[in-house]
Amino acid sequence: MGRKKITIVGAGNVGATAAHWAAEKEIGDVVLVDIIEGVPQGKALDLLEAGPVEGFDTKVIGTNGYDETVDSDIVIITSGFPRQPGMSREDLLEKNREIIQSVTNEIVTRSPNCIIIMVTNPLDTMVYLAKKVSGFPKNRVMGMAGILDTARLRTFIAIELNVSVEDTQAFILGGHGDDMVPIPRYCTVAGVPITQLIAKEKIDKIVERTRKGGGEIVSLLKKGSAFYSPSASAIQMAEAILKDKKRIVPCAAYLEGEYGLNDIYFGVPVKLGSNGVEEVIEVELTDEEKAAVQKSADVVKKSIAELKL
Ligand SMILES: NC(=O)c1ccc[n+]([C@@H]2O[C@H](COP(=O)([O-])OP(=O)(O)OC[C@H]3O[C@@H](n4cnc5c(N)ncnc54)[C@H](O)[C@@H]3O)[C@@H](O)[C@H]2O)c1
């Protein structure tokens, strides 16, 4: 069995940083694609030249075309515009749909058996578009959002309790937007629900900060949006798939009846293994939580409807 191949489309902040994590972890050789001449080539060569120093042995190539992407195992799509201050994820829809359409076509003709991990926003809508355009089965097209959102929540829990982030777990359902549905009673520190450890008002504040987590970074950076944590999250998904780890992580998955939802990409816990999304895991929800899930789903549905597919 040869080396695994990971194509990353978009050599901007998220894409190039994802290439960095992937190279360092040696989970497969990396092909970095972008339309800007020289940028993917330059970043790839620079990263390759970090190998001798950091001691990783990963081939990294950059290109403006797709010939080098042939027979990729995983394709991570990050091409497109990030949010600008004051811009909602939904404002991005029109700008990014053309890019995702053409990129998906280029990818699937050369790597008909790959697994697609969408990162481009608006996430739930762009991953829906990629599934339609690719014609791939639902297990091979997924979106990255939940790992990032829960990583933010885990960070804030760790800060609040002055404990290691490693001992925190968080649980969030829903679309990747301000209507996401964090569920505190399923968030734990070393197995203990945070509802027993943090006062309700504090939990509410942490949850609110998580909901606005993307916007908080955008307003600090002024130009561009978060990329370290998003790229690390995408690579965690790629690693779980390439190593058939059967990890249980939140991802945007295509639902057919789960959580009472149909024909939608939505953030839910899934099992990630060599077949991609191998299972959608359903959990019990209270009526209040169910209502919040429905509200989030309505927002995603509206955005998907704007695609007029
Ligand atoms: N899902 C998430 O949680 C999450 C998190 C962070 C960022 N994002 C999204 O990821 C996307 C990328 O963010 P970024 O910060 O890396 O942006 P960026 O501007 O730094 O990089 C985007 C890159 O895409 C390239 N590109 C544009 N059209 C292309 C095409 N047709 N083919 C190939 N490359 C093309 C651009 O040249 C640019 O280099 C944005 O849509 C952003 O909103 C999503």
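Please read these numbers as outputs of a predicted model, since none were measured by experiment. Both counts, for ligands and for their atoms, begin at 1 and track the order of listing. Only heavy atoms go into these numbers, but all of them, side chains included; no hydrogens, no water, no symmetry mates.
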- Taking NZ, NE, NH1 and NH2 as the nitrogens, is one of them in K205 or E208 under 4.0 Å from a carboxylate oxygen of the other? no
- Please confirm whether F227 comes within less than 3.5 Å of ligand 1 when only nitrogen or oxygen atoms on both sides are compared. no
- Message: Please list, in number order, the atoms of ligand 1 under 4.0 Å from a heavy atom of I36.
- Response: 37 (O)
- Message: Would you say CD of E49 has more than 12 non-hydrogen atoms from neighbouring residues, nucleotides or ligands within 6.0 angstrom?
- Response: yes
- Query: What do we get for V119 next to ligand 1 when only non-hydrogen atoms under 4.0 Å count, side chain, backbone, both or neither?
  - Reply: both
- Query: Under 4.0 Å from any heavy atom of P230, which atoms of ligand 1 are there?
  - Reply: 5 (C), 6 (C)
- Message: Is it true that, when you exclude K246 itself, more than 12 heavy atoms of the residues, nucleotides or ligands shown sit nearer than 6.0 Å to its NZ?
- Response: yes
- Query: Just distances here: any N/O of S79 and N/O of ligand 1 closer than 3.5 Å?
  - Reply: no
- Query: Do I157 and C187 come close enough that some side-chain heavy atom pair is under 4.5 Å?
  - Reply: yes
- Short N/O distance, under 3.5 Å, between M144 and ligand 1? yes
- Could you tell me whether L123 approaches ligand 1 through its side chain, its backbone, both or neither, with non-hydrogen atoms closer than 4.0 Å? side chain
- Query: Any idea which part of D149 is under 4.0 Å from ligand 1, heavy-atom wise: side chain, backbone, both or neither?
  - Reply: neither
- Between E216 and R152, is the closest basic N to carboxylate O distance under 4.0 Å? no
- Query: Charged N to carboxylate O under 4.0 angstrom, E106 versus R110?
  - Reply: yes
- Item | Within-shell test, F81 vs ligand 1, heavy atom, strictly < 4.0 Å | yes
- ligand 1 atoms nearer than 4.0 angstrom to some heavy atom of L148 are 3 (O), 5 (C)
- Mind checking whether S233 contacts ligand 1 via backbone (N, CA, C, O), side chain (CB onward), both or neither, at a 4.0 Å heavy-atom cut-off? neither
- Query: Polar-atom distance check: V33 versus ligand 1, any N or O pair below 3.5 Å?
  - Reply: no
- Query: Taking both backbone and side-chain atoms of N13, is any N or O found less than 3.5 Å from an N or O belonging to ligand 1?
  - Reply: yes
- Taking ring-ring contact (aromatic ring centres under 6.0 Å, His included) as the test, write out the residues that go with Y254, two or more places apart. Y265
- Message: Please list, in number order, the atoms of ligand 1 under 4.0 Å from a heavy atom of N96.
- Response: 41 (O)
- Partner of D29 under salt bridge (charged side-chain N to carboxylate O under 4.0 Å, His left out), picked from R3, K4, K5, is R3
- Message: Restricting to non-hydrogen atoms, name the atom on I6 and the atom on I76 that form the minimum distance, rounded to 0.1 Å.
- Response: CG2-CD1, 4.2 Å
- Message: Determine whether N105 and Q101 satisfy the following criterion, side-chain hydrogen bond (donor to acceptor under 3.5 Å, both in side chains), listing intermediate values before the conclusion.
- Response: CA-CA 6 Å; N105 275 321; Q101 232 154 349; over 6 Å; no
- Message: Any atom of ligand 1 sitting under 4.0 Å from a heavy atom of A226?
- Response: yes
